[in-house]
Amino acid sequence: MPESPGSAAGEDSGRGLPKNFEPASFEGRWYAVWEAEGRFQPEGPPGSPRFVMVIPPPNVTGKLHIGHAYGRTVEDILARWKRMSGLRVLWVPGTDHAGIATQMVMERQLAKQGIDRRDLGREKFIERVWAWKAEAKDTIQSQMKRLGCSLDWTRERFTLDSDLSRAVRHAFVRLYEEGLIYRGRYVVNWCPRCETAVSDLEVIHRETEGALYKIRYDVTGVAGGAMVATTRPETMLGDTALAIHPDDPRTSRLKGRTAMLPIAGREIPVIEDAILVNREFGTGIVKVTPAHDANDFATGQRHGLPSVVVIGPDGKMTTAAGEYAGLDRFDARKQIVARLTEENRLTSEPYRNSVGHCQRCDTVIEPYLSTQWFVKIAPLAEPAIRAVRTGDIRFVPESWSKTYFSWMENIHDWCISRQLWWGHRIPAFTCPNGHVTVSEQDPPSCPTCGAAPLEQDPDVLDTWFSSQLWPFSVFGWPEETRDLADFYPTDVLVTGYDILFFWVARMIMAGLHFTGRAPFSTVHLHGLVRIGGEKMSKTRGNVIDPLEAISEFGADAVRFTLASAASSGATVSVERNRMTGSRGFATKLWNAARFTLAQLDGGPAAEILAGRSLSLADRWILSRLSATSTAVNGHLEEFRFDEAAGAIYAFVWHDLCDGYLEMVKPVLRDAGDRDRETARGVLRRCLLDSLALLHPFMPFITEEIWDKATGRPGTLIVAPFPKGEAAAGDAAAEMTIGAMREILTRIRNFRGERGVSPTEPVALWIAPDSPDEPLATSLRDVEPLLRQLGRAASISFEAPPDSAAKDVVAGVSIGMQVEKPAAVKSADRVEKDLAAIDDEITGLSAKLRNPSYVEKAPAAVVEKTRRRLVELEERRAALSADMP
RNA sequence: GGGGGGUUAGCUCAGCGGUAGAGCUCCUGUUUUACAAGCAGGUGGUCGCAGGUUCGAUCCCUGCACCCCCCACCA
């Protein structure tokens, strides 16, 4: 056992809780204790009920941003809640090599030193990334530790670890052998800046103001030639045909003709193609550029057209572009437009269309003909769709399944090869005779012809190809490890909806295909974090750095804020002043604990003694505590972290601190030993259960207080989570104390209205409507409380006299002795109240006079309306009697 | 082009058939020995607009307006 981290200095009463709440003084220590004690590792025999999550691995070179902090907080709440609920919890940490993103950042770093990666060479470059990765990983790790994440660091993984790389190779080879991975020459999305292919998902489409150009091509034997429309005139240099619809009379004159490509002076055929050409659109004539448009490429395949690449991988025109060779594609566009305009061949009009941009660097994506590797996805998608349809996998919120289906049902093959250096090298080897071998082990010679040496494909795999294996590769798959048997499939996956397609869908496909099982049963997709309703961005200056926030407010406050901000919508709105509020809540708890511990000090107060008679206040707070515990569990089951946090907040602050603590003060001070002991037992129970309920949200402060309260340092993390007991529910106590609190509020109200100081003792009248009601007797039971909290000089359980300020609250007529002249001061207020009451009475009366209402509305509702009306009439009587 | 979400108090958001809630802000009072980072009280809302269903609509339906997001081979 480690030593209790309790500080020896600066204590006051309250068994060692310092007066000032300083989260930094204990957060780090408790994390170290938990880790040293192995609390983050699953405890219990294999096969016993467990709860498993894998972290969405953050980019190894990244920094924890507020969105990560949110997701990790949610996961940690689940992990701690399940752990305390008695499950064997495993939450696996790790990081992602994030190929294109990491390579980009590294290139930028090198550029600052004036180094181009190509000068460095592949090996040296990768060495540098590894070196940098080592320190960056520690950053991420320490950030998650500061947040308090109960991750099992002994199982930490990195997507480029040797065993995970083995998993990637195994997956690739298997898909290849099953015919689900193929290599081919197609038009892909190409980023000329990154100089790599990217998948469809990595292309961000943005509506752009551009132009639609119409170019006239001369056609032999056809006067006026052919007008074709394009948004990318520079691609015309790569045209190898014009296409028309076979049944379009507008263009039938072009059938079988030959057109002359302007500028290039090349002859191209006019072809007929019903698939490519939309009869409704434009001139009905389409230029066909197989090398620079996916549709055109398909058309070219159908008609056996040649492909002419005129824009190179660097975005510059190729030699095939003739005199434009070497020009940037956009410069070429300008010059070509100018030239065609000069030749009287071109007109243009403003045009809005959607232009693809690189997700990473925002460069305009170029469709580009190249040889790439693809995953044939439809066969994988089919079972993945079924898994969600049948409920094997559940989305929370459920509405995401619709988005999932619509994407999965229209899914396209996945281009997985990247012309990058940082990543998993594609396990394909080519021999000098051109035979391609795909193999898990590097083959020493060509299995087909025996030739050597073999050359490995220089490309790497899309990062998501390895990420999709994450839920099982972290456990050692394809080896049949103990962890894989014990912890796969996982239970819950928590991630932002922005990677539903990139990651979640692919994990489902991969999990089902490779392991035959869904990788998780529940996917909680959360919104993206916004600051004060605005999208977070550096230019707005509204970025909240979680580490700075932790330093300023404490990790517990940051976590509580994030949990409270959780919502089922697409955004999670976080504001700085919520952080302040959460810190205030932590302080509140701290001080309540100081008070409680001071009361417990010097007495055993071990537990609530069986058979002891509890006061109404005791019964009330225990009832609230139980109801809160039940509610919290329910909300957590439903991933409603905001509701769960809110329920505990309301209990601790408003019920326990504002309510019960004030109610027990007189008991602790004045009552006999027996009642005092009972109250102490209840106090202790409330404190400990509050700490337990709050622990998943605020692990540090709760563990700190728990230590002082129990002398069992570092054990709250494995203490039982309160479930709430039906037996503790106490409607009678809740009714009485509820009524009492309403009465007290109204008395304080009177004081304000009548200018009576809050502390001046006054005479009170409290008269329940009917002497038979339970309230009539139970309110007498809380007379000492009413007297104390209401600052009453006297309490009479009779109808108030005319001279008193009067009202009806919770079915109870109450009155407070006032000086008559002071009533004038509040006349406006009373008048206003009366007007509102009259309005409501009118409305309710009309309702009750409506026969169909009385007939059709549920009896309980009608009854409620009647009671409300009665009470209002009583209130009106009480208030109007009070008018001067 | 298709789909999804949003519009509730000055701000950020809950609620989603029985005439509205939280936190922050604001105003007033209060240094009551756990906490002034507190306590007590209060102000503030025709729940985007128009119809419909219903005894009853912020909540369900239809349409409209504005905002956000996603998907789409929109020459």
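Throughout, a chain's letter reflects where its sequence line sits, starting with A, and its residues are numbered from 1. These values consider heavy atoms only, across backbone and side chains, with no hydrogens, waters or symmetry-generated copies.
Remark: P of B:rU25 and CG of A:Asn577 are 7 Å apart, rounded to the nearest angstrom. Distance A:Phe641 CZ to B:rA22 C1': 20 Å, rounded to the nearest Å. Atom CD1 of A:Ile499 and atom C1' of B:rC69 are 16 Å apart (whole Å). Whole-Å rounding puts the A:His654 NE2 to B:rC39 C1' distance at 12 Å. Separating the CG atom of A:Leu528 from the C1' atom of B:rG6 is a distance of 15 Å, rounded to the nearest angstrom. Per the geometry, CD belonging to A:Glu409 stands 13 Å off C1' belonging to B:rC71, to the nearest Å. The distance from atom CZ of A:Arg578 to atom P of B:rA22 is 13 Å, rounded to the nearest whole Å. Taking atom CH2 on A:Trp653 and atom C1' on B:rA22, their separation rounds to 13 Å, with Å as the unit.
With sequence neighbours left out, A:Arg279 forms a salt bridge (Lys or Arg N to Asp or Glu O under 4.0 Å) with no residue at all. Listed by chain and residue number, A:Glu662 satisfy the side-chain hydrogen bond (donor to acceptor under 3.5 Å, both in side chains) test with A:Lys665 (two or more places apart in sequence, or in another chain). Considering only residues two or more places apart in sequence or on other chains, A:Thr251 meets the side-chain hydrogen bond (donor to acceptor under 3.5 Å, both in side chains) condition with none of them. When the side-chain contact (heavy atoms from CB on, under 4.5 Å) test is applied to A:Arg748, the partners found at least two apart in sequence or on another chain are A:Leu744, A:Leu789. Under the side-chain hydrogen bond (donor to acceptor under 3.5 Å, both in side chains) criterion, A:Glu202 pairs with A:Ser199, A:Arg418, not counting sequence neighbours. Partners of A:Glu409 according to the side-chain hydrogen bond (donor to acceptor under 3.5 Å, both in side chains) rule, which considers only residues two or more places apart in sequence or in another chain, are A:Arg389.
Mapping A:Gly843 and A:Ser567 onto RNA chain B by nearest heavy atom places A:Ser567 closer to the 5' end of the strand. For A:Phe21 and A:Lys665, each mapped to the nucleotide of RNA chain B holding its nearest heavy atom, the one lying further toward the 5' end belongs to A:Lys665.
Every pair passing side chain to side chain donor-acceptor pair (under 3.5 Å) that includes a residue from residues 399-408 of chain A is listed here, sequence neighbours excluded: A:Glu398-A:Ser401. For residues 837-866 of chain A, there are no ring-ring contact (aromatic ring centres under 6.0 Å, His included) pairs, not counting sequence neighbours. Among pairs with a residue in residues 645-657 of chain A, those fulfilling salt bridge (Lys or Arg N to Asp or Glu O under 4.0 Å) read A:Arg624-A:Asp655, A:Asp655-A:Arg741, at least two apart in sequence or across chains.
B:rG6 and B:rC13 have their C1' atoms separated by 12 Å, with the value rounded to a whole Å. Going from the P atom of B:rU43 to that of B:rG56 covers 31 Å, rounded to whole Å. The same atom, P, is picked in B:rU58 and in B:rG51; the two are 13 Å apart, to the nearest Å. For the C1' atoms, the distance linking B:rA57 with B:rA50 amounts to 15 Å, nearest Å. On the P atoms, B:rG15 is 40 Å away from B:rU33, given to the nearest whole Å. Comparing the C1' positions of B:rU7 and B:rA14 gives a spacing of 15 Å, expressed to the nearest Å.
Nucleic acid contact for A:Leu500: none, since no nucleic acid atom lies under 4.0 Å from a heavy atom of the residue. If you check every strand for non-hydrogen atoms under 4.0 Å, A:Lys402 touches sugar and phosphate atoms only. Using a 4.0 Å heavy-atom distance criterion, A:Thr587 is classed as a base contact.
Shown here is A:Arg576, whose CZ atom has no more than 12 heavy atoms of other residues, nucleotides or ligands within 6.0 Å.
Distances shorter than 4.0 Å separate none of the side-chain N or O atoms of A:Lys847 from OP1 or OP2 on B:rU19. Between A:Ser573 and B:rC13 there is a side-chain N or O to OP1 or OP2 distance below 4.0 Å.
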Which atoms of nucleotides 72-75 of chain B (N or O only) lie under 3.5 Å from a protein N or O atom, and what are those distances?
residue	atom	partner	partner atom	Å
B:rC73	O2'	A:Asn295	ND2	2.4
B:rC73	N1	A:Asn295	OD1	3.4
B:rC73	O2	A:Asn295	OD1	2.2
B:rC73	O2	A:Asn295	ND2	2.6
B:rC74	O2'	A:Tyr351	OH	3.0
B:rC74	N4	A:Ser354	OG	2.7
B:rA75	O2'	A:Ala229	O	3.0
B:rA75	N7	A:Ile285	O	3.2
B:rA75	N6	A:Asn278	O	3.2
B:rA75	N6	A:Phe281	O	2.9
B:rA75	N1	A:Asn278	N	3.2
B:rA75	N1	A:Asn278	O	3.4

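Taking every heavy atom of residues 233-241 of chain A and every atom of RNA chain B, no pair lies under 4.0 Å.
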CA sep, side-chain torsions, deciding dist, call: A:Arg875, A:Glu871, salt bridge (Lys or Arg N to Asp or Glu O under 4.0 Å): CA-CA 6 Å; A:Arg875 285 199 67 197; A:Glu871 175 163 340; 5.8 Å; no
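Side chains of A:Thr759 and A:Ser757: a donor-acceptor N/O pair is present below 3.5 angstrom, by distance only.
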Reading 5' to 3' through nucleotides 40-46 of chain B, protein heavy-atom contacts under 4.0 Å coded B for base, S for sugar-phosphate only, - for none: SSS-S--
